[in-house]
Number of protein chains: 2
Amino acid sequence: MKAEIIAVGTEILLGDILNTNAQYLSKELAQLGIEVYFQTVVGDNPKRLKDTIFQAFSRADLIITTGGLGPTEDDLTKETAAEYFGEELVLDERALGRIQKYFKRTGRTMTENNRKQAMVPKEHGIVLYNDNGTAPGIIMEKNGKIIAMLPGPPKETMPMFENQVKPYLQKKQEYTFVSEILRVASVGESAMETLVKDIIDAQTNPTIAPYAKYGESILRITAKAKSEEEAHALIAPVKAALKERLGNAVYAEGETNMQTVVAQMLLEGKKTIAVAESCTGGLVTSALVEYPGISEVLLEGCVTYTNEAKMRRLGVKAETLDKYTAVSREVAAEMAEGVAKTSGASIGVSITGIAGPGGGTEEKPVGLVYIGIHVNGKTTVTEYRYTGKRNQIRERAAFYALDLLRKALQDEA
Amino acid sequence: MKAEIIAVGTEILLGDILNTNAQYLSKELAQLGIEVYFQTVVGDNPKRLKDTIFQAFSRADLIITTGGLGPTEDDLTKETAAEYFGEELVLDERALGRIQKYFKRTGRTMTENNRKQAMVPKEHGIVLYNDNGTAPGIIMEKNGKIIAMLPGPPKETMPMFENQVKPYLQKKQEYTFVSEILRVASVGESAMETLVKDIIDAQTNPTIAPYAKYGESILRITAKAKSEEEAHALIAPVKAALKERLGNAVYAEGETNMQTVVAQMLLEGKKTIAVAESCTGGLVTSALVEYPGISEVLLEGCVTYTNEAKMRRLGVKAETLDKYTAVSREVAAEMAEGVAKTSGASIGVSITGIAGPGGGTEEKPVGLVYIGIHVNGKTTVTEYRYTGKRNQIRERAAFYALDLLRKALQDEA
């Protein structure tokens with residue numbers, strides 16, 4: 001099946017809004033095995049809208065539109081599709097009732113215009129009721145052509161597609177496409193690709209696609225099959241092979257992130273923790289605080305930016321700072337030990353480094369970061385040399401600190 | 001002038017990439033007074049690419065393309081445009097030299113394919129040299145039709161448009177559109193709109209558009225004029241009226257953010273600062289650390305998540321915690337005073353609150369946050385009640401803490 005995605009809205013053409021719906025729908029259609037040939041954005045202009053929709057029908061089997069279902073005279077998506085199919089629009093009492101209720105619930109006044117939103121095709125239409133806004137969506141199908149019209153705001157578009165359009169399309173597809181995700185840390189992005197290149201190249205179904213951001217890499221494994229079970233069964237051995245190859249570098253599967261994984265490990269193991277940060281300036285602590293309930297185990301965080309603070313708060317020795325400077329293996333070790341000791345936590349984490357742009361020397365360049373982990377009376381310090389801008393270096397160091405913490409917790413368990 | 005934006009790339013149609021270039025270019029063209037009628041995304045398919053470009057030429061004066069300038073056989077944007085204009089492509093030695101240098105600099109090996117990227121139109125083309133990648137861009141103009149072809153990666157697209165395409169287009173436009181931005185804090189988004197509604201409604205040139213995010217509001221004032229000076233002159237009185245109405249709530253103009261403004265004030269005033277955070281968990285400190293050189297004045301941050309840490313690190317009294325609980329005006333005051341005193345900073349900032357989803361009571365609900373500012377021996381605590389999810393509450397509290405700090409620094413100066 002060939003598809004086109006059409007977004008209707010002048011605000012996108014003015015650049016006021018980013019067309020995130022197009023990406024979402026493209027991904028979803030790819031998963032269903034439906035090829036998207038064009039994405040188009042057209043303004044609220046009757047002639048251009050009609051040309052766009054009619055042209056799309058001339059070259060595609062499926063059109064998905066977003067927007068243009070509002071109450072104003074400019075909102076003409078439904079009217080244009082009805083014209084293409086030679087269909088009349090009639091008032092749907094149930095849709096009208098839902099719109100009235102929505103206005104009541106949100107304490108706003110319904111205008112006469114909003115009745116327009118309850119107009120639906122007389123014969124070949126399926127009404128998609130909207131739980132998150134006023135405009136119902138519509139699916140029309142006739143002579144092998146399908147159009148699914150969805151409202152514009154993503155919080156309305158996405159659940160309506162997921163719950164009502166996707167099952168409709170799934171029934172028409174012989175094959176389904178299922179993806180699983182492996183999240184990889186600890187190895188650089190290009191190193192990861194090299195490590196698994198032969199596995200990626202040997203695959204046709206499932207396929208494996210690598211993505212990267214800030215130290216983290218993602219492997220998306222996508223299988224084409226006649227059922228979801230069959231797809232998962234195709235994925236299983238490939239996923240196992242990747243996990244065996246990458247070992248402990250695979251830190252999670254599916255939609256999650258490093259701070260969630262680490263927070264859950266800390267909470268499950270009832271391990272108390274304290275964090276001493278220098279260049280990351282609170283990024284590690286605030287990432288952990290994203291997780292609700294973390295207060296049970298996260299005793300405190302110290303952003304000890306100055307040497308004085310490192311000494312006073314963490315008990316780092318003046319002679320260590322003098323001899324090795326603040327960005328050193330030795331100071332990282334004393335920071336991790338010091339924050340655990342002074343806070344009474346069983347685990348101490350420290351980060352000290354040079355985020356730049358200033359402050360680098362030949363011997364200690366911008367990007368040099370030491371991360372210390374103190375656990376069970378033992379302290380390990382790891383040296384990293386990152387490239388990039390100040391905040392990229394900081395983000396990367398924070399991610400790696402959480403990753404080292406994850407591995408330390410695994411060794412403990 | 002009527003324009004269309006065409007992105008070339010199958011990865012966008014698969015949903016792997018969000019088409020942010022289209023938004024950027026739409027905004028920029030709107031600023032130049034050029035109307036964008038369509039945004040289209042087409043894959044790396046010769047026939048569909050040709051149809052798309054030829055159709056766009058049939059209805060627009062200006063086409064801006066992104067992508068499809070790569071070294072592979074699928075990259076055909078340049079070839080298709082040359083075909084439309086009846087133009088031959090020839091090797092540009094300077095472009096080739098730059099590509100060779102780029103490969104050398106980034107330590108990669110240049111392949112024979114990359115020579116294709118140095119092919120440029122023989123007659124009606126302007127070569128746009130690329131400082132951030134290998135593919136040069138091209139502008140072609142003939143018989144009143146213009147096409148500007150830009151590379152796909154935003155970090156290449158944006159500077160090339162800004163520095164090379166925009167000046168080219170500006171010369172062709174009778175009118176220019178200039179925007180200035182006011183950044184507003186301290187008043188809620190809807191309160192801000194109400195405050196200045198009459199000024200917004202009374203304007204036609206310049207126009208005023210409000211935007212909002214996390215406690216911050218933005219007012220964009222856009223004027224249409226024959227020159228940039230004239231546009232700024234039209235904006236000036238309207239900006240002055242808005243600033244008078246909003247007073248101290250206007251915290252900055254143009255492209256900046258609250259942490260930058262506050263960091264600069266601290267550095268200019270040589271005021272040392274320390275931050276004690278509870279629910280924000282390091283967000284305020286890490287926002288300040290984004291600013292290079294902040295180490296001169298930011299002595300430290302303490303994420304005192306537990307009562308013990310509040311007592312031990314900051315000297316908060318046990319009886320204050322017992323009597324008023326951790327989320328209280330009294331504890332916020334002692335935290336701000338304590339962090340200043342223990343760190344030796346002249347200013348202390350504290351945040352304590354309930355970010356949720358758990359931990360709220362009827363009396364102290366989720367979203368209740370106290371922010372303390374200790375400066376010059378005087379401590380002020382402000383109570384806020386935010387709505388939203390855990391991390392929205394945290395972001396908002398961090399923003400308001402920085403804003404209170406800004407106002408305290410203004411009062412000092």
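Naming convention: chains lettered A, B, ... in sequence-line order (proteins, then strands); numbering from 1 in each chain.
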Checking an interface table here. Which of residues 34-42 of chain B come within a heavy-atom distance under 4.5 Å of chain A? Val36(B), Tyr37(B), Phe38(B), Gln39(B), Thr40(B), Val41(B), Val42(B)

Whatever's closer than 4.5 Å to a heavy atom in chain B on Gln55(A) counts as side chain

So which part of Ile17(B) gets closer than 4.5 Å to some heavy atom of chain A, the side chain, the backbone, both or neither? backbone

Identify which part of Ile5(B) has an atom lying under 4.5 Å from any heavy atom of chain A, answering side chain, backbone, both or neither. neither

Between Leu288(B), Leu283(B), Thr342(B), Leu29(B), which residue shows the highest count of heavy-atom pairs closer than 4.5 Å to chain A? Thr342(B)

How many angstroms lie between CG in Leu25(B) and CG in Leu13(A), if you round to the nearest 0.5 Å? 12.5 Å

Applying a strict 4.5 Å limit to non-hydrogen atoms, the region of Asn45(B) in contact with chain A is neither

What pair of heavy atoms forms the shortest contact from Thr306(B) to Ser295(A), and how long is it? CG2-O, 4.4 Å

Between Val289(A) and Arg390(B), does the side-chain contact (heavy atoms from CB on, under 4.5 Å) criterion hold? Intermediate values first, please. CA-CA 10 Å; Val289(A) 173; Arg390(B) 179 176 179 84; 3.8 Å; yes

Spacing of CD belonging to Gln23(B) relative to CD1 belonging to Ile12(A), to within rounding of 0.5 Å: 9.5 Å

Taking atom CD of Glu162(A) as the centre, report whether more than 12 heavy atoms of other residues, nucleotides or ligands fall under 6.0 Å from it. yes

Checking side-chain contact (heavy atoms from CB on, under 4.5 Å) for the pair Tyr305(B)/Ile294(A): CA distance, chi angles, key distance, verdict? CA-CA 9 Å; Tyr305(B) 221 58; Ile294(A) 193 72; 3.9 Å; yes

Taking Glu300(A) first and then Arg312(B), would you say they form a salt bridge - that is, a charged N and a carboxylate O separated by under 4.0 Å? yes

Tell me, yes or no, whether the heavy-atom count around Glu11(A) atom CD, taken from other residues, nucleotides or ligands under 6.0 Å, exceeds 12. yes

Around atom NZ of Lys341(A), are there more than 12 heavy atoms from other residues, nucleotides or ligands closer than 6.0 Å? no

Interatomic distance, Leu14(B) atom CG to Lys27(A) atom NZ [nearest 0.5 angstrom]: 11.0 Å

Heavy-atom contact with chain B under 4.5 Å, split by part of Val297(A): neither

Any donor-acceptor N or O pair under 3.5 Å, side chains Arg313(B), Ser343(A): no

Least distance between heavy atoms, Gly356(A) atom then Pro292(B) atom: O-CB, 4.4 Å

The test is side-chain contact (heavy atoms from CB on, under 4.5 Å); show your working for Arg394(B) and Glu290(A) and say whether it passes. CA-CA 9 Å; Arg394(B) 294 177 62 222; Glu290(A) 283 176 21; 3.4 Å; yes

If you count heavy-atom pairs within less than 4.5 Å of chain B, which of Thr10(A), Thr304(A), Asp16(A) leads? Asp16(A)

Chain A: which of Gly281(B), Ser278(B), Ala276(B) shares the most heavy-atom pairs with it under 4.5 Å? Gly281(B)

Pick one of side chain, backbone, both or neither for Thr280(B), based on which atoms fall under 4.5 Å of a heavy atom in chain A. backbone

Most contacts with chain B, counted as non-hydrogen pairs under 4.5 angstrom, among Cys302(A), Gly344(A), Gly359(A), Ala22(A): Cys302(A)

Rounded to the nearest 0.5 Å, the CG atom of Asn19(B) sits from the OG1 atom of Thr20(A) at a distance of 11.5 Å

For Thr65(A), enumerate each residue passing the side chain to side chain contact (heavy atoms under 4.5 Å, CB included) test, keeping only those at least two apart in sequence or located in another chain. Ile6(A), Ile63(A), Thr77(A), Ile147(A), Met149(A)

What's the separation between atom CG in Leu18(A) and atom CG in Asn21(B), rounded to the nearest 0.5 Å? 10.5 Å

Which heavy atom of Gly15(B) sits nearest a heavy atom of Ser26(A), and at what distance? N-CB, 3.5 Å

